[in-house]
Amino acid sequence: MIPVATPVAPVAPAVHPLVPAFAGLGVRPGTVLHVQASLRALGPVPGGAAAVVGALLEVLGPDGTLVAYTATPENSATSRVHQSATAGLSPAEVADYQAGMPRFDPATTPASPSVGVLSETVRTHPAALRSRHPQTSWAAVGRRAREVTEQHPLTSHLGPESPLGRLYDLDARVLMLGVPMSRLTAFHLADLRMPDVPVREYRCVGPEGWTTFRAPDLDDLHFGPLGAEVLRTARGITTGRIGTADCRLVPIREAVDLAEHILRRLRP
């Protein structure tokens, strides 16, 4: 008698616990999603930052796009990071410090620690593309990654012609993963809609060496009250808790348009 093999049911691949959590917050397949994350707020995750990125890409699916801000203020002689690092140094010591600053390379220069581990994890994803701005670059993975990152003029570091502006055009969502609304990068787009935006000189080490350009003078010192009011009045923001992190999924267009309205109302 010839033994008959018992059919074995296929084993479904394991689903990371974060996948249903992100879906429950409102992340949908095909979305263009900018993520701002504090992994410390999220708490321990099996697989670490790579698992978080993997779970997000799984929820977004093949038509979605994951985007991260991969800025390098350490690359700039006019950033607060550089000013803090060189405080108290003599002019000769500052010159030596600047001579040792490496050139920005979009393929290899790490994202600043100030933008979080998850941004660096997106940047180093094998399929990631990155914009070429030497101070305020962005990285993206997915269907629309090239569209998000291919254009980034020096003079529109966080403006409408930058990847941030492209996120607005594409009706993207921002996942604030354990990060407060006071740090929503997209608010810079609202700032740039104000009349008489000041312009200043920036200086950073680009791929070909030191480069100087003039661009809007931006800061985020007013984002605290701005974020609080947008959170109170926006209709499309969803909130939830993932791990130990308070999270929000924010429609970028609504948040920026509301912020513009608030800023105009507050102007003297």
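Position 1 is the first residue of the sequence, and the numbers go up from there. Not measured: the values here are computed from a predicted model.
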Q: Output, in order, the C-alpha distance, side-chain angles, deciding distance and verdict of side chain to side chain contact (heavy atoms under 4.5 Å, CB included) for V32 and R166.
A: CA-CA 10 Å; V32 177; R166 211 94 65 250; over 6 Å; no

Q. Where do R203 and Q98 land on the side chain to side chain donor-acceptor pair (under 3.5 Å) test, with the steps shown first?
A. CA-CA 11 Å; R203 184 168 177 259; Q98 292 183 355; 3.3 Å; yes

Q. For S137 and Y69, which heavy atoms make the closest approach, and how far apart are they?
A. O-CD1, 3.4 Å

Q. Nearest 0.5 Å, what's the CZ-CG distance between R200 and L218?
A. 8.5 Å

Q.
Between T149 and S131 (side chain of the first, backbone of the second, donor and acceptor by atom type, cut-off under 3.5 Å), is there such a pair?
A. no

Q.
Using side-chain heavy atoms (C-beta onward) and a distance below 4.5 Å, is L266 in contact with L226?
A. no

Q: Treat each ILVMFWY residue as a node, draw an edge where side-chain heavy atoms are under 4.5 Å apart, and state whether V141 and V53 are in one component.
A: yes

Q | Atom pair CE (M194) and CZ (R267), whose distance is rounded to the nearest 0.5 Å | A | 6.5 Å

Q. Does atom CZ of R132 have more than 12 heavy-atom neighbours, drawn from other residues, nucleotides or ligands, at distances under 6.0 Å?
A. no

Q. Taking S162 for the side chain and H152 for the main chain, is one N or O donor matched with an acceptor at less than 3.5 Å?
A. no

Q | R130 side-chain N/O to T70 backbone N/O, donor-acceptor pair under 3.5 Å | A | yes

Q | E58 side-chain N/O to A55 backbone N/O, donor-acceptor pair under 3.5 Å | A | no

Q.
Under a 3.5 Å distance rule, please check whether E74 uses its side chain to pair with a backbone N or O of S112 as donor and acceptor.
A. no

Q) With side chains defined as the heavy atoms from C-beta onward, is the minimum distance between L25 and L175 less than 4.5 Å? A) yes

Q) Closest approach of L118 and A37, non-hydrogen atoms and distance? A) CD2-CB, 3.6 Å

Q. Is the shortest heavy-atom distance from the side chain of V35 to the side chain of F22 under 4.5 Å?
A. no

**Q.** R264, CZ atom: more than 12 neighbouring heavy atoms under 6.0 Å
**A.** yes

Q) Should H34 and I252 count as side-chain neighbours, where that means a heavy-atom distance under 4.5 Å? A) no

Q. Does the gap between the ring centers of Y202 and H133 come in under 6.0 Å?
A. no

Q: Locate the shortest heavy-atom distance separating V45 from A51; write the atom from each residue and the value.
A: CG1-CB, 4.4 Å

Q: Spell out, yes or no, whether L170 and L33 are grouped together once hydrophobic residues are joined by side-chain heavy atoms under 4.5 Å, including indirect joins.
A: no

(Q) Could you see if L164 belongs to whatever hydrophobic cluster contains L154? Use Ile, Leu, Val, Met, Phe, Trp, Tyr and a side-chain cutoff under 4.5 Å. (A) no

Q.
For a quick test of reading the model, state the closest non-hydrogen atom pair linking H125 to L57 and the distance between them.
A. NE2-CD1, 3.6 Å

Q) At what distance, to the nearest 0.5 angstrom, does CD of E260 lie from CZ of R265? A) 13.0 Å

**Q.** Residue pair Q151, E161: steps toward the side chain to side chain contact (heavy atoms under 4.5 Å, CB included) verdict
**A.** CA-CA 7 Å; Q151 299 293 329; E161 293 82 29; over 6 Å; no

Q) Which distance, rounded to the nearest 0.5 Å, do you find between the CH2 of W138 and the OG of S119? A) 8.5 Å

Q) Is there a side-chain contact between V199 and D217, using heavy atoms and a 4.5 Å cut-off? A) no

Q: Answer with yes or no whether the hydrophobic clustering places V27 together with V148; edges join I, L, V, M, F, W, Y residues whose side-chain heavy atoms lie under 4.5 Å apart.
A: no

Q. Under the 3.5 angstrom rule, does the side chain of T65 hit a backbone N or O of T31 as a donor-acceptor pair?
A. no

Q) Is it true that a side-chain atom of N75 and a backbone atom of C204 form a donor plus acceptor pair closer than 3.5 Å? A) no

Q) Between the main-chain N or O of T244 and the side-chain N or O of R241, is there a donor-acceptor pair closer than 3.5 Å? A) yes

Q) Can you name the closest pair of heavy atoms from A140 and A145 and give their distance? A) O-CB, 3.5 Å

Q | Minimum-distance pair of heavy atoms, taken over all atoms of G159 and L192 | A | CA-CD1, 3.4 Å

**Q.** Near-ring test H222/F187, centroid separation under 6.0 angstrom
**A.** no

Q | Min side-chain heavy-atom separation L66-V122 under 4.5 Å | A | yes

Q) Does Q36 use its side chain to pair, donor to acceptor, with the backbone of R183 at less than 3.5 Å? A) yes

(Q) Pair V117, R40 - check side chain to side chain contact (heavy atoms under 4.5 Å, CB included), show working. (A) CA-CA 10 Å; V117 174; R40 180 176 299 177; over 6 Å; no

Q. How far apart are the C-alpha atoms of D191 and V197, what are their side-chain angles, what is the distance that settles it, and do they pass the side chain to side chain contact (heavy atoms under 4.5 Å, CB included) test?
A. CA-CA 8 Å; D191 283 339; V197 176; over 6 Å; no

Q) Taking the side chain as C-beta and beyond, is there a heavy-atom pair between H261 and E229 under 4.5 Å? A) no

Q) Would D220 and R80 count as a salt bridge (Lys or Arg N to Asp or Glu O under 4.0 Å) if you check the C-alpha gap in whole Å, the side-chain angles of each, and the deciding distance to 0.1 Å? A) CA-CA 12 Å; D220 57 5; R80 288 198 296 260; 3.6 Å; yes

Q | Step-by-step salt bridge (Lys or Arg N to Asp or Glu O under 4.0 Å) determination, R173 to D171 | A | CA-CA 7 Å; R173 299 301 187 261; D171 197 21; 3.3 Å; yes

Q. According to a 4.5 Å side-chain heavy-atom criterion applied to Ile, Leu, Val, Met, Phe, Trp and Tyr, with indirect links allowed, do L177 and V250 form part of one hydrophobic cluster?
A. no

Q | Test item: T136 side-chain N/O and H157 main-chain N/O as donor-acceptor pair under 3.5 Å | A | yes

Q | Reported CZ-to-CG distance for the pair F223 and L184, which is rounded to 0.5 angstrom | A | 7.5 Å

**Q.** Between CD on residue E120 and CZ on residue R123, distance to nearest 0.5 Å
**A.** 4.0 Å

Q: Could you tell me whether the side chain of E150 reaches within less than 4.5 Å of the side chain of P163, counting heavy atoms only?
A: no

